[in-house]
Amino acid sequence: MKLRPEEITSILRQRIEQYDVETDLAEVGTVLQIGDGIARIYGLENAVAMEMLELEHGVVGLAFNLEEDDVGAALFGEWEQVSEGEPVRRTGKVASVPVGEALLGRVVDPLGHPLDGRGPIEATETRPLEFKAPGVVARQPVKEPLMTGIKSIDSMTNVGRGQRELIIGDRSTGKTAILIDTILNQRDTDVHCIYVAIGQKASTVAGIYERLRESGAMEYTTIVSAAAHEAAPIKWMAPFAGCAMGEYFLFNGKHALVMYDDLSKQADAYRQLSLLLRRPPGREAFPGDVFYLHSRLLERACKLSEENGGGSLTALPVIETQAGDIAAYIPTNVISITDGQIFLNAELFYSGVRPAVNVGTSVSRVGASAQTKAMKKVAGRLRLDLAQYRELEAFAQFGSELDRATQQALTRGEKMVATLNQPQYDPWPMEEQVVAIYAGNEGYLDDIPTAQVSRFQEELREHMRAEESVYEQIRESGDLADDLAEKLNGEIEKFKNGFNIEGEDALT
């Protein structure tokens with residue numbers, strides 16, 4: 001059999017045209033040094049900041065320091081198994097977390113892995129950890145209230161949708177209690193809650209989960225937990241993961257509330273991470289960009305304009321102070337970033353004022369623009385009465401004779417403090433708060449013994465619920481018009497005439 005040259009040529013040409021070599025180009029580096037959850041990697045010249053890196057044993061790295069000779073990466077997972085000389089691959093993806101409705105009702109870690117033992121999360125979307133905050137043009141003013149259900153906060157240091165309101169105070173002064181009550185109060189609203197627990201004991205987070213689940217609040221809540229035993233990179237990442245989950249609702253025209261409990265621990269984790277990466281330390285050994293760490297996180301909370309969907313992301317960051325020192329480095333940083341702060345005072349807490357909100361140092365920079373008309377009417381008078389009371393309280397301790405006006409101001413202040421006292425896990429609807437504060441402002445409590453004020457308010461609340469019409473009108477109109485105020489006066493007087501003062505106080 002004779003082969004012709006043209007046949008051989010055509011076969012070769014066909015084979016060459018059809019030849020396709022599958023090339024898999026991957027940039028691979030080598031681990032130079034590892035320890036304390038930090039790896040130095042050689043050979044990844046084209047790595048970008050915050051890029052995810054793949055290491056052996058299923059460990060994931062995050063490129064932090066892009067230096068001349070190597071890349072400094074924070075590691076997630078069982079990094080102890082990684083050893084020097086092992087390969088590291090670029091993924092070409094920036095750090096991101098799963099987001100969406102599938103996360104509601106779940107407890108997850110900052111990487112989006114479930115911690116509640118209820119199987120995998122079927123999330124179809126992801127969002128980057130770091131995302132540029134919407135600009136001024138894309139936003140609208142904060143003017144819609146986000147009710148916490150706590151009388152002392154909704155009346156004087158109110159929170160609006162899209163606001164960033166700091167909760168600050170010493171250890172064990174009720175900061176987390178305010179966050180839980182706020183979540184419980186969103187039950188009949190369209191607000192989705194993301195609670196970020198940073199550096200807390202796993203048992204504490206489990207307790208919060210049980211409380212929310214029993215109250216039916218987990219249906220609209222996601223818990224992101226970076227427990228105390230976790231490495232610093234996980235604690236640093238947690239607030240950004242929670243914020244990304246909240247942004248899913250923000251950019252889909254919905255409303256979300258994200259709570260960072262607490263950012264002091266995130267700052268400590270970031271300090272640890274930065275020192276291990278050999279970044280130069282500054283004040284209190286924190287790195288120079290610790291302010292930027294919190295500002296770029298909190299700036300992402302906003303109320304978008306109607307053209308951009310009108311969604312909102314409200315932030316309630318928490319900062320723990322040492323001995324009430326709000327002039328320390330991290331507290332002053334976060335106070336300057338946020339739109340107001342709720343300062344919880346340890347002395348007030350231990351004297352029985354719950355929640356222990358210090359009216360003098362607490363403020364909401366959004367103010368009455370994010371309050372209903374009814375709340376606005378009763379709250380202005382309340383703040384003045386309480387400020388006057390705190391001022392005169394110091395003079396009253398000297399035991400000198402006080403004139404009638406001073407005694408009256410002290411009495412009114414005492415009654416209003418008792419009115420604002422509220423047990424945990426019992427948020428009040430807006431209309432019930434308005435009626436309770438109105439009763440105090442109009443002097444209906446002046447002749448009620450202070451010890452009986454909370455019982456008076458509870459029974460008045462039950463009486464008004466039976467009469468429903470007043471509550472209903474305030475709820476629907478959001479206002480306390482003159483004719484409605486007259487009707488309310490009649491109802492309070494009717495109730496007061498039938499109110500029995502009990503115990504020893506009845507004799508005084």
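A quick note: this is a predicted structure, and the numbers were derived from the prediction, not measured.
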**Report entry** Verdict with supporting geometry, Ser264 and Glu320, side-chain hydrogen bond (donor to acceptor under 3.5 Å, both in side chains)
**Finding:** CA-CA 6 Å; Ser264 310; Glu320 188 179 296; over 6 Å; no
Requested in this report: Please step through side-chain contact (heavy atoms from CB on, under 4.5 Å) for the pair Phe240 and Gln266, ending with a clear verdict.
Outcome: CA-CA 10 Å; Phe240 291 103; Gln266 189 210 12; 3.4 Å; yes
Report task. Given side-chain contact (heavy atoms from CB on, under 4.5 Å), test Thr157 with Glu165 step by step and report yes or no. Result -> CA-CA 9 Å; Thr157 53; Glu165 182 81 0; 4.0 Å; yes
**Report entry** Stepwise salt bridge (charged side-chain N to carboxylate O under 4.0 Å, His left out) test for Lys254 and Glu101
**Finding:** CA-CA 11 Å; Lys254 298 177 183 178; Glu101 307 270 350; 2.7 Å; yes
Report task. Any chance you could lay out the side-chain contact (heavy atoms from CB on, under 4.5 Å) test for Leu212 and Ile180, step after step, and finish with the verdict? Result -> CA-CA 8 Å; Leu212 295 176; Ile180 295 169; 4.1 Å; yes
Requested in this report: May I have the step-by-step check of side-chain contact (heavy atoms from CB on, under 4.5 Å) for Asn421 and Ser454, ending in yes or no?
Outcome: CA-CA 8 Å; Asn421 266 11; Ser454 60; over 6 Å; no
Query raised in the report: Between Glu468 and Arg475, is a salt bridge (charged side-chain N to carboxylate O under 4.0 Å, His left out) present by the stated rule, with each step listed?
Result: CA-CA 10 Å; Glu468 186 52 31; Arg475 183 167 56 246; 2.9 Å; yes
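The closest side-chain heavy-atom distance from Tyr260 to Leu297 is below 4.5 Å. Put simply, the side chain of Ile342 does not reach to within 4.5 Å of the side chain of Leu166, judged on heavy atoms. In this structure, the side chains of Val357 and Leu344 come closer than 4.5 Å at one or more pairs of heavy atoms. Considering only heavy atoms from C-beta on, Leu179 stays 4.5 Å or farther from Thr182 through its side chain. Within the 4.5 Å cutoff, side-chain heavy atoms of Val334 are placed close to those of Leu298. At least one side-chain heavy atom of Ile501 sits less than 4.5 Å from a side-chain heavy atom of Pro449. Put simply, the side chain of Gln407 does not reach to within 4.5 Å of the side chain of Asp403, judged on heavy atoms. Side-chain contact check for Pro331 versus Asn333: every heavy-atom pair is 4.5 Å or farther apart.
Between Ala356 and Phe349, the shortest heavy-atom contact is CB-N, 3.4 Å. When every heavy atom of Lys175 is checked against every heavy atom of Ser172, the shortest pair comes out as NZ-N, 4.3 Å. When all heavy atoms of Thr372 and Gly478 are compared, the closest pair comes out as CB-O, 3.6 Å. Closest of all the heavy-atom pairs between Ser155 and Leu420 is OG-CD2, 4.4 Å. Of all non-hydrogen atoms in Thr361 and Gln341, the two that sit nearest each other are O-NE2, 3.0 Å. Nearest heavy atoms, Phe286 versus Tyr329: CD1-CD2, 3.6 Å.
Here Arg161 pairs with Glu144 in a salt bridge; the nearest charged N to carboxylate O distance falls below 4.0 Å. No salt bridge links Glu230 with Lys235; every basic N to acidic carboxylate O contact stays at or beyond 4.0 Å. Electrostatic pairing of Lys377 and Asp479 counts as a salt bridge here, judged by a charged N lying under 4.0 Å from a carboxylate O. Using a 4.0 Å cut-off between charged nitrogen and carboxylate oxygen, Lys494 and Glu491 count as a salt-bridge pair. At a threshold of 4.0 Å, the pair Asp339-Arg365 does not count as salt-bridged, since none of the basic side-chain nitrogens sits closer than that to a carboxylate oxygen. A salt bridge links Glu299 and Arg164; the closest N-O separation between the charged side-chain nitrogens and carboxylate oxygens is under 4.0 Å. The existence of a salt bridge linking Glu432 and Lys151 is excluded, since no basic side-chain nitrogen approaches an acidic carboxylate oxygen closer than 4.0 Å. Between Arg455 and Glu458 no salt bridge is recorded (no basic side-chain N to carboxylate O distance below 4.0 Å). Classification of Arg390 and Glu393 as a salt-bridged pair holds, one side-chain N sitting under 4.0 Å from a carboxylate O. A salt bridge is absent between Arg187 and Asp181: the closest approach of a Lys/Arg side-chain nitrogen to an acidic carboxylate oxygen does not fall below 4.0 angstrom.
Rounding to the nearest 0.5 Å gives a distance of 10.0 Å between OG1 of Thr411 and CZ of Arg404. Going from atom OG of Ser274 over to atom CZ of Phe64 covers 7.5 Å, rounded to the nearest 0.5 Å. Note that CG of Asn500 is 10.0 Å distant from CD of Gln452, once rounded to the nearest 0.5 Å. Considering CZ of Arg279 and CZ of Arg271, their distance stands at 15.0 Å, rounded to 0.5 Å. How far CD of Glu462 is from CD of Gln457: 12.5 Å, rounded to the nearest 0.5 Å. If you take CG on Leu263 and CD1 on Ile167, they are separated by 11.0 Å, rounding to the nearest 0.5 Å.
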Counting only pairs under 3.5 Å, give me each side-chain donor-acceptor contact of residues 440-448, with atom names and distances, residues two or more places apart or in other chains.
unit_1: Asn441; atom_1: ND2; unit_2: Val378; atom_2: O; d: 2.8
unit_1: Tyr444; atom_1: OH; unit_2: Asn489; atom_2: OD1; d: 3.0
unit_1: Tyr444; atom_1: OH; unit_2: Glu493; atom_2: OE2; d: 3.3
unit_1: Asp446; atom_1: OD1; unit_2: Arg412; atom_2: NE; d: 3.0
unit_1: Asp446; atom_1: OD2; unit_2: Arg412; atom_2: NH2; d: 2.9
unit_1: Asp447; atom_1: OD1; unit_2: Lys496; atom_2: NZ; d: 2.6
unit_1: Asp447; atom_1: OD2; unit_2: Lys496; atom_2: NZ; d: 3.3

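When atom types are taken as modelled, the side chain of Arg139 and the backbone of Pro134 share a donor-acceptor pair closer than 3.5 angstrom. At least one donor-acceptor pair under 3.5 Å links the side chain of Asp109 to the backbone N or O of Gly112. Looking at Gln422, its side chain does come within 3.5 Å of a backbone N or O of Gly149 through a donor-acceptor pair. With hydrogens and angles ignored, the 3.5 Å screen pairs no side-chain donor or acceptor of Ser362 with any backbone N or O of Val359. In terms of modelled atom types and a separation under 3.5 Å, the side chain of Thr314 and the main chain of Leu257 share no donor-acceptor contact.
When the options Gln140, Gln163, His255 are evaluated for a side chain to side chain donor-acceptor pair (under 3.5 Å) with Ser312, the one that passes is His255. For the pairing with Arg106, the side chain to side chain donor-acceptor pair (under 3.5 Å) check across Thr222, Thr221, Asp116 returns one residue only, Asp116. Lys265 pairs with exactly one of Asp262, Asp268, Asp261 by the salt bridge (Lys or Arg N to Asp or Glu O under 4.0 Å) rule, that one being Asp262.
Considering only residues two or more places apart in sequence or on other chains, Phe251 meets the ring pair (Phe, Tyr, Trp, His ring centres under 6.0 Å) condition with Phe131.
In this structure, Trp236 and Tyr270 have parallel ring planes: the angle between them is below the 30° cut-off, well short of the 60° mark.
Side chain to side chain, Asp170 and Thr173 fail the donor-acceptor criterion of an N or O pair below 3.5 Å. Donor-acceptor pairing under 3.5 Å is recorded for the side chains of Ser469 and Lys487.
Between Tyr220 and His192, the distance separating the two ring centers is not shorter than 6.0 angstrom.
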